[in-house]
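Order of the sequence lines fixes the chain letters, A, B, ..., with proteins taken first and strands second; residue numbering starts at 1 for each chain.
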Protein chains: 2
Amino acid sequence: MADALSIGTLAKATGTKVETVRWYERVGLLPAPARTRGNYRSYGRAHLDRLSFIRRARDLGFTLAQLRGLLLLADQRDRSCEEVDAIARTHLGEVERKIADLQALRRELADIIDRCGHGTVADCRIIEALSPPPAGAR
Amino acid sequence: MADALSIGTLAKATGTKVETVRWYERVGLLPAPARTRGNYRSYGRAHLDRLSFIRRARDLGFTLAQLRGLLLLADQRDRSCEEVDAIARTHLGEVERKIADLQALRRELADIIDRCGHGTVADCRIIEALSPPPAGAR
DNA sequence: CCTTGACCCTATAGTTGCTACAGGCCCCAT
DNA sequence: ATGGGGCCTGTAGCAACTATAGGGTCAAGG
């Protein structure tokens, strides 16, 4: 083949660690490639595409389980788009919830830092803010 | 002692699972308490306070490593507050980065869902959108 | 031609922050 | 004295990798 890639080359091309590539293979996300005479993995274009897909989806926060679902759908191209859409929608909901949670957290942290008097730890308001909340407040 | 708590009572009071309390002890976040004649853990007020602190900081997303730093500082009350402030600020930065990432992700998912007609996977843009990035980006 | 060193192989253990058993004690009320 | 809670230790499991040990392979330089 014109484009036979070693695992290291594939890893570099996709911003993945070699060990992670092997791990994706072991858990069935990336199909096992052909081997060279010396038992080295030999990847082709399809592997590069698929690994790019995997990495991108991971970056976007899809779990490996969701990813498996997407890949299964991608492999059966006559299937309805609705299932893929549903997965994406579910994920969008989760993302929005995460954003809201983090924004609340950010406000709280900012408040805490705001109150830090830069004195000694003894009167540090950060420690204070993290200390047990008043009874009844939680 | 007037306020000797069993592990179960302590756990309930702080919204922690019993196993988690023991685990905090094993990893050195919560000091090992005295034991009763029957070898039960017996906690006092100090443990309650410290565990509340731990739980609150965990809720705010501090890692156990950061927590260890905070607790170490909290124990040295004549130290400057600046280190505490720095830990909190670092954490705030991380939180803000995550929010930005998630907002980018949200945009992307919304676009994807938007473009997804209800045809077959063959023209589903979700798969496409997550396929290998343009040549220049690799 | 042979050696060196970068790469690759498998297998296994470690990471973070818990959670969930399994197989036993202990304690209190009935 | 017995039944059921709660407690004890120790171990294994979850995601999603990461890192190590102990080797084999390959291409280039001396």
- prompt: Can you tell me if the side-chain N/O atoms of B:K17 get under 4.0 Å from OP1 or OP2 in C:dG17?
  reply: no

message: Counting only side-chain heavy atoms from C-beta out, which of C:dC8, C:dG17, D:dC8 sits nearest to A:S6?
response: C:dC8

- prompt: So, is A:R37 near the phosphate of C:dC8, with a side-chain N or O under 4.0 Å from OP1 or OP2?
  reply: no

statement: Taking D:dT9, C:dG17, C:dC8 as options, the one with an atom nearest any side-chain atom of A:I7 is C:dC8

Of the listed nucleotides D:dC7, D:dA19, C:dG17, the one nearest the side chain of B:Y40: D:dC7

task: Measure from CD on B:Q66 to C1' on C:dT16 and round the result to the nearest Å.
output: 13 Å

task: Nearest whole angstrom, please: distance from the C1' of C:dT16 to the CZ of B:R68.
output: 10 Å

message: Distance check needed: D:dG6 P versus B:Y43 OH, whole Å only.
response: 16 Å

- request: Answer with yes or no whether the side chains of A:R50 and A:Y43 bring together a donor and an acceptor at under 3.5 Å.
  value: no

- request: Specify the residue among B:G38 and B:R58 whose closest nucleotide of DNA chain C lies further upstream toward the 5′ end.
  value: B:R58

- prompt: Is the shortest side-chain N to carboxylate O distance from B:R45 to B:D49 below 4.0 Å?
  reply: yes

message: Nearest whole Å is fine: how far is D:dA16 C1' from A:L51 CG?
response: 15 Å

message: Applying side-chain contact (heavy atoms from CB on, under 4.5 Å) to B:I99 and A:R106, what does each step give before you reach the verdict?
response: CA-CA 9 Å; B:I99 289 173; A:R106 177 176 58 184; 3.9 Å; yes

query: Choosing from C:dC18, C:dT10, D:dC8, which nucleotide comes nearest the side chain of B:R55?
result: C:dC18

task: Would you indicate whether A:R35, at its atom CZ, is surrounded by more than 12 heavy atoms from other residues, nucleotides or ligands within a distance under 6.0 Å?
output: yes

query: Base, sugar-phosphate, or nothing: which does B:R26 touch, judged by heavy atoms less than 4.0 Å apart?
result: nothing

message: Measuring to OP1 and OP2 of D:dC17, would you say a side-chain N or O of A:Y24 lies under 4.0 angstrom away?
response: yes

field: Separation of atom CD in B:E25 from atom C1' in C:dG17, rounded to whole Å
entry: 17 Å

query: Base, sugar-phosphate, or nothing for A:R41, non-hydrogen atoms under 4.0 angstrom?
result: sugar-phosphate

query: CZ of B:R22 versus P of C:dC18: gap in Å, rounded?
result: 15 Å

- line: 5'-most contact on DNA chain D (nearest-nucleotide basis), A:W23 vs A:T36, goes to A:W23

message: Could you tell me how far apart A:E19 (CD) and D:dA16 (P) are, to the nearest whole angstrom?
response: 18 Å

A:L29 CG - D:dC17 C1' separation (whole Å): 12 Å

message: Quick check for you: among D:dC7, D:dC17, C:dC9, whose closest atom lies nearest to any side-chain atom of A:T20?
response: D:dC17

task: State plainly whether one hydrophobic cluster holds both B:W23 and B:V21, where clusters connect Ile, Leu, Val, Met, Phe, Trp and Tyr through side-chain heavy atoms under 4.5 angstrom apart.
output: yes

